[in-house]
Amino acid sequence: MNPPLAGIHVLDLSWVMVGPVSARYLADLGADVIKVESRGRIDPLRTLGPFKDGKPGPERSVSYHNLNAGKRSVAINLKDKRGCDLVRQLAGWADVVLESFTPGVLETFELDYAHLCERKPDLIMVSTSILGQTGPHARGTSGVGTMGAAMSGASLLLGWPDRPPFGTFGPWTDGVAPRFIVASVLAALHRRSLTGEGCYIDVAQAEAGIQFMAPAYYEYAASRSLPTRRGLAGSPLRAPHGIYPCFGDDRWIAIDASANRDWEALRALIGGPLEDPVLDTLVGRLRNREALDRAIASWTSPRDAEEAEQVLHGAGAPAHVVSRGGDLARDAHLRAANHFRKIDDPIIGEAEIEGPRFTLHRTPHASIKRAPLIGEHSVEVLSEVCKLSGAEIAALEAAGVLA
Amino acid sequence: MLDDLRVLEVSAPSTMLAGSILADLGADVVVVEPPSGAPGRRLEPFLDGIPGLERSLTWNALNRNKRAITLDLSDPDGRDLFTHLAGKFDIILEAAQARTPAPLEGIELSNRTIRCVVSGFAHSGPKSDYADSDLLVMASTGTPAMTGDPDRPPLFHSVPQSIMEGGAETALAALACVIARDRDGQGQQAHTSARIAAMMSALSVPLAIGSGNPELTRKGAAGLAPDARIPSSYKCADGYMIVTVAAFGPSFGPMTQRLAKWAADEGHLSREIAEVNWITYPADVRNRIASPTQLHELIRGVSSLCLGKTKAELSAAARRLGLLVAPLMDMKDIAESEQYRGRGLFTPVQIGCDGREIEAPARFAQFSNFQIQTHLPAPTLSQHTAEILIDEAGISSTELQALFVHGII
């Protein structure tokens, strides 16, 4: 059975994470995705690790493979007018164009929606940037997902009350925004199949981040109360509910045993100070939270995190290791779900990247392939899509347009 | 855009954002709750800090534009009515709860129906019996282990993220099924794991080992400035800013160069440090042409620069000079932001049951020929049961009363 987007053409003009992840969703769903990149303006993701076996190089980034799996790559220099002409031709082939330039840049290349939809009126085009294409501060704001996280309210809420905010791990909105982009694109494809209409879609990454923070925003909007950073994990409305130290360096386990049945299981397992009748009730546990947490921590501290998880889970007390990369690599659920997929690359050999994040039972995702080398498909794409002859391609190559 | 589609959402915390995205894009979404109310109604924070089934702000935020009915799916009448209704809907959203039978177990659906099931961990196999707890799911993603100062416990978002990640991913699964159905008329089942969805925020953490690299850790992030940790935020006159100082190379290095020059122009950094080549800096340090103390000096200069300026002043300079600098906004900053207002992020919506109106940051995307609107506030418990069961399930007024008397609705 064909994957859902078989036969759909996508032109990916984006770089780093948000656009490439969005286009990878479409590639996984079976679309033919052509990525335009350039050796002169290298995708910064190619310079970011992890690199295979720790050796840096533009064709060695496993992160690049992870976000660009299954795409074809054309190297085009947009500073040359002929390069822009090629991109316009590719856009004429595409059903969907994605881009993440600083707002305004594509207009200077005459590659913005207004220009591209002249040639293809039913084009679906997505622009994504930190603050979007409109509004008083949109123009001139370029940036990375740590800035999106900061402007979505998420960063300020992560940290300890007695220290400056720590913020999110890395460019948080880079993972959030693709969901809203892909949802919008798929909805637009659905509408196009009914009405023939295309559209222009503008997603501000900070605004996407605000969606994932909506309850905190509502708290302020409804009662003018500002949520603050709490530091310690766990809800103040549940106990025990939090993370506890385990044996070893920076090893932790999360335990959520606030519901009665779970609490009784935890109590039966650990016993000792947990048998204190003052802890019989939720209110008693909330009022004696510090002592409760201390007692649980003294049980977890000498134990190996994974072993503690097994023992707690076996006893019916919900727990999970605070997973690090090593835990994920050997995680039974992730292995059984076939989450890690082997790729075989001419330069880096074998490596593992991630598979799709949902499963379709009747029309499965396309099989997972490695990401392309820079410009690996230039000749193939220019002859097949732009109908250029070998001589014309060689001339462009010689003129530095395919760099 | 989805106004031809109807969605029946058997409400669980992790279906809420899925239904909400589809509703915002135009689908007709009907939420099914047990007569005692959906679990999402008991999620904090609560309106004015007072709990109540109509007071959950998480519920209010994630159920705009939906209607709601109650139906006891463990009762034969409830199941019969659900089956009848399901035939009129295109998409069913539900969550598989670990350790309890799935609400729709055994209910037959037409082969045109799209059925999307979201689990905390797995639908089957290892960890399928793990509790669908936000704390546990997030702990298992790899993200908290990388978040926070290494001398303190790892940090977790205070807003539950597994329900956002799992919900958003489930909306994509549903839409992928819609596209497949547009082609051949056939529905199907899709499964989402909130854990795997949320691993997106762990970035490259899951990849290091499988590519022959050591595990990434919080302590290992010190990098170029091992004795002066690169601060993740800088105090300014009225809050905090994020300032990316450790951005080098041809793409981002020029921004660091401009930042250093500005700090020097403002008298917070020596010219000598401002003129270090920040584009080639990492390689220069390795080749001993540059020294790590230069980065420490830059950090000190930037700290001093920020202290004397407000979030607004620093943000304006960032736009003017093209710097990787942004304010750590609180929710008030977001509500008052000229940018978000000017762009039309907000739509008015009522919340709770006291007629209070707020502006919801509803428009997650702007479209050339469609606009996300808030047509309906989040539904009150059972608000639309009568209209939907009478109009769509052929129930009479007498039967409706009987169902209520028996606690089925």
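Please read all numbers here as calculations on a predicted model, not as lab measurements. Here is how names work: the chains are called A, B, and so on, in the same order as the sequence lines, proteins then strands, and each is numbered from 1.
Looking at A/His339, only its side chain comes within 4.5 Å of chain B, counting heavy atoms on both sides.
The existence of a salt bridge linking A/Arg191 and B/Asp182 is excluded, since no basic side-chain nitrogen approaches an acidic carboxylate oxygen closer than 4.0 Å. With respect to the salt-bridge test (charged N to carboxylate O, under 4.0 angstrom), the residues B/Glu165 and A/Arg179 qualify. With salt bridges taken as basic N to acidic carboxylate O contacts below 4.0 Å, none links B/Glu169 and A/Arg357.
Aromatic ring centres of A/His313 and B/Tyr130: separated by under 6.0 Å.
When the side chain to side chain contact (heavy atoms under 4.5 Å, CB included) test is applied to B/Gln188, the partners found at least two apart in sequence or on another chain are A/Leu360, A/Arg362, A/Thr363, B/Cys177, B/Ala180. Applying the side chain to side chain contact (heavy atoms under 4.5 Å, CB included) test to A/Leu232 and every residue at least two apart in sequence or in another chain returns A/Trp160, B/Pro153.
Scanning all heavy atoms of the two residues, the minimum distance from B/Ser232 to A/Phe166 falls at OG-O, 2.9 Å.
Here the side chain of A/Glu207 pairs no donor or acceptor atom with the backbone of B/Phe364 at under 3.5 angstrom. Distance alone, capped at 3.5 Å, is enough to place a donor-acceptor pair between the B/Gln339 side chain and the A/Ala138 backbone. Remark: side-chain polar atoms of B/Arg356 are paired, donor with acceptor, to backbone N or O of A/Ala222 under 3.5 angstrom. Using modelled atom types, no side-chain atom of A/Thr359 and backbone atom of B/Ala190 make a donor-acceptor pair closer than 3.5 Å. A donor-acceptor pair under 3.5 Å is formed between the side chain of B/Arg183 and the backbone N or O of A/Ala6. In this structure, A/Glu352 contributes its side chain and B/Ala208 its backbone to no donor-acceptor pair below 3.5 Å. A distance-only check finds a donor-acceptor pair linking the side chain of B/Asn213 to the backbone of A/Gly54 [under 3.5 Å].
For the residue pair A/Tyr217 and B/Glu359, no side-chain donor N or O sits within less than 3.5 Å of a side-chain acceptor on the partner. Side-chain contact annotation: A/Ser235 with B/Glu44, donor-acceptor N/O pair under 3.5 Å present. Looking only at atom types and distance, the side chain of B/Ser158 has no donor-acceptor partner in the side chain of A/Arg230 under 3.5 Å away.
Put simply, of B/Thr170, B/Asp4, B/Leu135, B/Val205, the one with the most heavy-atom pairs under 4.5 Å next to chain A is B/Leu135. With respect to chain A, the highest number of heavy-atom pairs below 4.5 Å among B/Gly125, B/Gly342, B/Ala122 belongs to B/Ala122. Contact tally against chain A (heavy-atom pairs below 4.5 Å) for B/Leu323, B/Asp184, B/Asp24: the top residue is B/Asp184.
Atom CD in A/Glu219 sits 9.0 Å away from atom OG1 in B/Thr58 (nearest 0.5 Å).
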Taking it one step at a time, do B/Met331 and A/Ser225 satisfy side-chain contact (heavy atoms from CB on, under 4.5 Å)?
-> CA-CA 9 Å; B/Met331 295 302 165; A/Ser225 84; over 6 Å; no
